[in-house]
Amino acid sequence: MAQPKYTTHHGMVDILPDEIRKWHFLEDLIRTEAEKFNFEEIRTPIMEQTELIVRGLGQMTDIVSKEIFSFSRGEDNYVLRPELTAPVVRAYVENRLDQRGGSQKLYYIGPMFRAERPQKGRQRQFHQFGLEIMGSSDAIADAEVIAFMIHIYRKIGIKNTTLKLNSIGDPESREKYKAALKAHLKPNFEKLSEVSQKRFENNPLRILDSKEEEDRPFIETAPLLTNYLSETSVNHYTKVKEYLGDLGIPFVEDPYLVRGMDYYTETAFELISPDLGAQDALAGGGRYDLLVEEIGGMPTPAVGFAAGMERLFIACEEMGIHLGSEKKVDVYIVTLGDAARKWGLLQLSALREKGISATMDYMGRSMKAQMKDANRENARFAIIVGENELKEGKFTFRDMVKSEEMLLSFKEILNVLF
RNA sequence: GAGCUCGUAGCUCAGUAGGUUAGAGCGCCAGGUUGUGGCCCUGGAGGCCGGGGGUUCAAGUCCCCUCGGGCUCCCCA
């Protein structure tokens, strides 16, 4: 096929009418379930100040160092948001949401942008939903965040998942651990993979995450972060695990789980699925107790997660789950002749006024073509109107499912439709 | 940034050792039914065989370049 003149940018996809129903279904589900958990939606701009993202996620992270779309205009630096935790925290601080009292429970749905090489489950514009609880350091908050996340996947029927859990502690214990880890790796520095060598100074924790074969022996013998956690961190982590157990949410502890953003503290978790291929993370999140202060707000503990919507759809496909209903319309008005077309146009509004969805042919096609169209559009009923019907004031009212017809006045049709 | 792989109708794909006007199924349009959908039958529209160059009497088919898609590494949703 010849390549069209204009196409979407690499890694950016159109969501077409045939697939929009599953999006609506998922969005509706997220909204109704989030409200059951008493979360409120927040919408922030697609673009933020570059500095917010750099400071928030960390200069050295992969996302900031090579995956953000940014540009400047005059004095201002813009960035297409690569995630929403930092922007939500910004909004929380900027709008003094803490003054609403209590902890703030926020959820969001929307597009994110990362300049990566697209592949299965990875696009440059993709969609996430997620939630954040601001103002609570209690493990109950961690448990609720995870519970909501799991709840959504259970509700949809995606069962083949694993919840990975870890605690990365507070900054002090992490510093102590980093020192110990570096001491352990240093004698074999030359044998480490190239990426790991690069991370040795600026981000040694991520070496634990390495999938490079040559790193494995050193990772396996490395000290565990778990053993360097402060008493407070251990207590918090223990509580989280206890609550998850009580809630009947199975999890696997993964002491090597380290997440990509610098703002994480304490609890870190990831929901993975073997159905996704190489990009196996359905959702991920954790606690970020220092981010609010980092961005200029009062010290405020917080925890949240983000989930990839496209990846959720991939998991559904693999499991044969169909989201959303078929497209349909209540009434299709089939018209013959100009007078009938005008009559149809007027009755469309009358039907819609009553809350009935209705449509008609706009192309002046034959009756057969209109019936075919009504069928394709999944019309429940067809109203057929020509010269005779107009004269008599009685219209052919066809039940498209039962294939039965009656001759009724428009008023009688309205009665049947209720 | 690196590697692998694939580009033939709207979609899924056939195209035999290079050989005349490039095919099928689905979808679309029309007719069979002068006012009736889904099933069936018939017909039609729709392809610079991704683009450019080369080899050859002859290229969808072979070679080179290029563009685009998909997958993988890294990392993440």
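Chain naming here is simple, since letters A, B, ... match the order of the sequence lines and numbering starts at 1 in each.
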Q | Nucleotide B:rG37, atom C1' - distance to CG of A:Asn375 in whole Å | A |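 After rounding, the gap between these two atoms is 4 Å.
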
Q | Residue closer to the 5' end of RNA chain B, A:Lys368 versus A:Arg398 (nearest nucleotide) | A |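 Nearest-nucleotide comparison on RNA chain B picks A:Lys368.
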
With rounding to the closest Å, how many angstrom separate the [atom1] atoms on [N] and [M]?
N: B:rG38; M: B:rG31; atom1: P; value: 13 Å
N: B:rG70; M: B:rG52; atom1: C1'; value: 24 Å
N: B:rC28; M: B:rC11; atom1: P; value: 15 Å
N: B:rC49; M: B:rU61; atom1: P; value: 10 Å
N: B:rG51; M: B:rC57; atom1: P; value: 24 Å
N: B:rG10; M: B:rC71; atom1: C1'; value: 25 Å

Considering every strand and a 4.0 Å limit on heavy-atom distances, what is the contact class for [X]: base, sugar-phosphate, or nothing?
X: A:Glu310; value: nothing
X: A:Ala374; value: nothing
X: A:Thr61; value: nothing
X: A:Arg122; value: base
X: A:Glu405; value: base

(Q) Please confirm whether the shortest side-chain N or O distance from A:Arg259 to OP1 or OP2 of B:rC75 is below 4.0 Å. (A)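 No, A:Arg259 has no side-chain N/O under 4.0 Å of OP1/OP2 on B:rC75.
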
Q: Would you indicate, yes or no, if B:rG69 has its OP1 or OP2 atom less than 4.0 angstrom from a side-chain nitrogen or oxygen of A:His10?
A: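 It does, given that an N or O in the side chain of A:His10 lies less than 4.0 Å from OP1 or OP2 of B:rG69.
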
Q) Given B:rG35, B:rG38, B:rC29, which nucleotide is nearest the side-chain atoms of A:Arg365? A)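 Of all the options, the side chain of A:Arg365 is nearest to B:rC29.
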
**Q.** Out of B:rC29, B:rG35, B:rG69, whichever nucleotide has its closest atom nearest the side chain of A:Lys372
**A.**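 For the A:Lys372 side chain, the nearest candidate turns out to be B:rC29.
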
Q: Apply the side-chain hydrogen bond (donor to acceptor under 3.5 Å, both in side chains) test between A:Glu310 and each candidate in A:Gln125, A:Arg122, A:His127, A:Lys120; give the one that qualifies.
A: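 The passing option is A:His127.
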
Q.
Under 6.0 Å from the ring centre and within 45 degrees of the ring axis: does the NZ or CZ of A:Lys241 meet both conditions for the six-membered ring of A:Tyr237?
A.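 Pair A:Lys241/A:Tyr237 counts as cation-pi.
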
Q | Side-chain-base donor-acceptor pair under 3.5 Å for A:Gln370 and B:rU36 | A |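 By the distance-only test, no, there is no pair.
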
